[in-house]
Amino acid sequence: PLRTGTTVLGVLSVQSYALDAFTPEDLEFLELLAVQLGIVMESDVITEQWLGPRQDGLLERVVAGRVRLENDLPAYLERERLTVVRVHYRPDLPHTMSWMGVPLRTGTTVLGVLSVQSYALDAFTPEDLEFLELLAVQLGIVMENAALHEQLEREANTDPLTGLLNRRQFVLRMTEALRRPGAATLAVMDVQQFKRVNDELGHAAGDEVLRGVAETLLDLTAARGQAFRLGGDEFALLLPCGEAQAQEQLGLLLSRLERRALPARPFLNVGLAASQEGESVHDWLRRADSRMYAAKHDHRHLLPLPEQQDAS
């Protein structure tokens with residue numbers, strides 16, 4: 001069982017196509033690994049330490065097939081005149097005495113090295129190494145499947161040209177925003193006379209303009225908010241703030257877009273609409289669309305808010 005505290009999250013399993021492949025010691029090793037994984041998952045913290053590329057080291061030798069198992073690591077390092085770096089060094093821990101590592105692969109691509117260490121001499125057997133190799137194969141399959149699942153999910157939820165969330169996600173996120181308490185403002189926009197860009201400069205230039213708009217939207221929502229491509233030259237933003245603050249954000253967007261080096265300078269028509277209690281997604285979008293088309297009719301980026309019109 002794979003546990004965090006008293007909660008069972010699932011099962012960590014290893015299989016073999018051979019009879020009598022595992023020993024009680026293998027089971028103890030798997031139980032120890034399950035405990036360690038449970039601790040990591042319970043703490044919900046991933047620690048990372050970046051080490052620059054090295055010409056020679058234990059991990060590089062594992063990948064090259066030069067080392068797998070050393071039951072007297074200090075003697076091996078001295079004999080080979082090899083220097084190693086202790087990851088996440090702690091002075092209260094003893095030095096590693098036994099070590100083994102195997103490549104972690106998906107297909108023919110080496111992702112890294114799966115290694116196990118012990119503070120005791122002669123801690124591992126050849127059977128332990130076989131078990132670790134088998135575990136690495138299983139982990140490689142799991143990681144390959146996870147990467148494929150992530151890719152399929154990304155393709156189902158994002159626009160392939162710009163990388164923005166697509167219309168399907170747009171409707172889902174709007175629905176969530178209407179259910180949550182707090183302010184939310186929808187901004188819908190299109191690129192005025194975008195067809196002319198395609199006709200005069202070509203579709204490659206048009207795609208570059210669309211990607212430029214999308215990158216600017218992503219920059220704007222990096223900290224808060226979500227950006228979408230609804231199709232063609234239509235985009236949307238969902239901002240967790242009121243209309244006045246959203247209008248300030250849109251001003252920043254337009255300013256940044258002006259400074260981008262693109263084949264053609266896109267002119268955005270934008271419509272803003274704050275969420276209203278009890279409103280449907282369709283009605284919220286219709287209000288924003290109405291303001292966008294009004295801005296397009298007036299050849300303006302953005303219509304002033306009602307209170308701004310009253311003040312003028």
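Just so we're clear, the structure is a prediction, and the values are computed from it rather than from any experiment.
- Residues Phe124 and Asp128 share a closest heavy-atom pair of CA-OD2, 3.4 Å.
- No option in Leu254, Leu230, Leu272, Leu268 other than Leu268 meets the side-chain contact (heavy atoms from CB on, under 4.5 Å) test with Met189.
- For Ser275 (side chain) and Ala184 (main-chain N/O), a donor-acceptor pair under 3.5 Å exists by modelled atom type.
- Annotation for Arg196: atom CZ does not count as buried by contact number, only 12 or fewer foreign heavy atoms lying within 6.0 Å.
- Of the possible polar contacts, none joining the Gln226 side chain to the Leu238 backbone as a donor-acceptor pair under 3.5 Å is found.
- In this structure, Asp122 and Ser98 approach most closely via the heavy-atom pair N-OG, 3.2 Å.
- Judged by distance alone, the side chain of Asp190 and the main-chain N or O of Phe235 form no donor-acceptor pair under 3.5 Å.
- In terms of hydrophobic clustering, with Ile, Leu, Val, Met, Phe, Trp and Tyr side chains grouped at heavy-atom distances under 4.5 Å, Leu27 and Val14 are assigned to different clusters.
- Only one option out of Leu285, Leu239, Leu237 pairs with Leu186 in a side-chain contact (heavy atoms from CB on, under 4.5 Å); it is Leu285.
- Closest approach of Pro126 to Leu69, counting heavy atoms only: N-CD2, 4.3 Å.
- Note: the hydrophobic cluster containing Val84 also contains Val67 (ILVMFWY, side chain heavy atoms under 4.5 Å, direct or indirect links).
- Remark: Arg179 CZ is loosely packed, at most 12 non-hydrogen atoms of other residues, nucleotides or ligands lying under 6.0 Å away.
- Classified by interplanar angle (parallel below 30°, tilted 30° to 60°, perpendicular above 60°), the ring pair His301/Phe267 is parallel.
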